[in-house]
Amino acid sequence: MILTKRHYLMIGGSVLLAAALTLAATTLPDRSDPVTLPENTAIRVTLDQALSSDLSRSGDRFEATVSEPVVMDGKTVIPQGAHAEGWVVDARQSGRLMGRARLQLALQSVAVDGNGYYVRTASSPRIGRDHKKRNLAWIGGGAAGGAVVGALAGGGTGALIGGPIGAGAGTTVALLTGKKDIKLAPETPVTFKLAEPVTIKVKG
């Protein structure tokens with residue numbers, strides 16, 4: 001086939017058109033609209049790993065998955081399934097007779113469309129159960145039981161002896177079983193709230 005001048009012009013025009021289309025595609029805006037989530041917006045996640053007041057330490061990092069989409073003005077700003085990362089703000093293990101367990105977490109970043117966004121969040125700390133009533137029940141119950149056994153065994157003198165012995169036994173049980181640490185298993189739901197607004201680009 002003999003290429004004429006017309007054919008060369010047509011081929012050249014096609015090449016130029018393809019190049020122009022490619023250039024236009026690379027220079028067109030990504031049509032992303034910035035959306036600002038206001039303070040107190042809730043971000044709900046599930047933990048990807050276990051955390052606990054006795055094993056976690058302040059500053060430890062954790063990973064999580066957004067469990068519900070965050071929607072603003074009809075637009076999904078943070079989709080369900082988005083990857084999130086956070087850190088342990090405070091972790092204190094439970095004492096045996098006193099000292100409540102404490103575990104406080106904060107979300108630090110979320111990934112949307114391959115971009116990571118820093119977030120500053122606030123979350124209420126989880127506080128373990130109080131020891132006082134439980135310890136009093138064990139110690140008081142032990143003292144009462146010891147007094148009854150002592151009275152049966154030796155009358156009034158036995159009751160006086162049995163009471164302190166029973167109280168000591170109750171204290172021992174409280175010591176052995178008194179730790180009440182906070183344990184969060186993987187997939188535990190946790191809700192965080194933005195402490196300040198964050199702007200995220202949302203594809204149109």
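Owing to the predicted nature of the structure, the values given are computational and were not obtained by experimental measurement.
Partner of Phe192 under the side chain to side chain contact (heavy atoms under 4.5 Å, CB included) criterion, chosen from Thr41, Val119, Val45, Val110: Val45.
Within the 4.5 Å cutoff, the side chain of Arg61 has no heavy atoms near those of the Glu85 side chain. Under the 4.5 Å side-chain criterion, counting only non-hydrogen atoms from C-beta, Phe62 is in contact with Leu47. Contact annotation: the side chain of Asp33 approaches that of Lys75 to within less than 4.5 Å [non-hydrogen atoms, C-beta and beyond]. Proximity of Val190 to Thr46: side-chain heavy atoms (C-beta onward) are nowhere separated by under 4.5 Å. Looking only at side-chain heavy atoms (C-beta outward), Thr76 and Val70 stay at 4.5 Å or farther from each other. Within the 4.5 Å cutoff, the side chain of Val88 has heavy atoms near those of the Leu105 side chain. Residues Val35 and Val77 form a side-chain contact, since some pair of their non-hydrogen atoms from C-beta on lies under 4.5 Å apart. Contact annotation: the side chain of Lys201 approaches that of Tyr117 to within less than 4.5 Å [non-hydrogen atoms, C-beta and beyond].
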- Message: For Glu196 and Glu39: C-alpha separation, side-chain torsions, deciding distance, then whether side chain to side chain contact (heavy atoms under 4.5 Å, CB included) applies.
- Response: CA-CA 5 Å; Glu196 60 184 31; Glu39 183 179 346; 5.7 Å; no

- Step by step, would you call Lys183 with Leu103 a side chain to side chain contact (heavy atoms under 4.5 Å, CB included)? CA-CA 9 Å; Lys183 298 184 183 296; Leu103 185 63; over 6 Å; no

- Item | Derivation and outcome, side chain to side chain contact (heavy atoms under 4.5 Å, CB included), residues Leu37 and Ile78 | CA-CA 10 Å; Leu37 296 175; Ile78 303 176; 3.9 Å; yes

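One finds the NZ atom of Lys193 at 15.5 Å from the CZ atom of Arg120 (value rounded to the nearest 0.5 Å). Rounded to the nearest 0.5 angstrom, Arg102 CZ and Ser58 OG are separated by 9.5 Å. If you take CZ on Arg57 and CD on Gln93, they are separated by 6.5 Å, rounding to the nearest 0.5 Å. The distance from atom CG of Asp60 to atom CG of Leu55, rounded to the nearest 0.5 Å, is 10.0 Å.
Judged purely by distance below 3.5 Å, without hydrogens or angles, the side chains of Ser52 and Asp181 never pair a donor atom with an acceptor atom. No hydrogens or angles considered: a donor-acceptor pair under 3.5 Å links the side chains of Thr36 and Thr199.
Across all non-hydrogen atoms, the minimal contact from Leu194 to Pro38 is CD1-O, 3.6 Å. Residues Ala91 and Ser56 come closest through the heavy atom pair CB-O, 3.4 Å. Listed here is the closest heavy atom pair of Val89 and Ala106: CG2-CB, 3.6 Å. The two residues Ala82 and Ala111 make their nearest non-hydrogen contact at CB-O, 3.4 Å.
At distances below 3.5 Å, at least one donor-acceptor pair connects side-chain atoms of Gln49 with backbone N or O atoms of Glu63. Between the Ser53 side chain and the Ile182 main chain, a donor and an acceptor come within less than 3.5 Å of each other. The main-chain N or O of Ser67 is found under 3.5 Å from a side-chain atom of Gln80 such that the two form a donor-acceptor pair.
For Asp73, the CG atom sits in a loose shell: 12 or fewer heavy atoms of surrounding residues, nucleotides or ligands are nearer than 6.0 Å.
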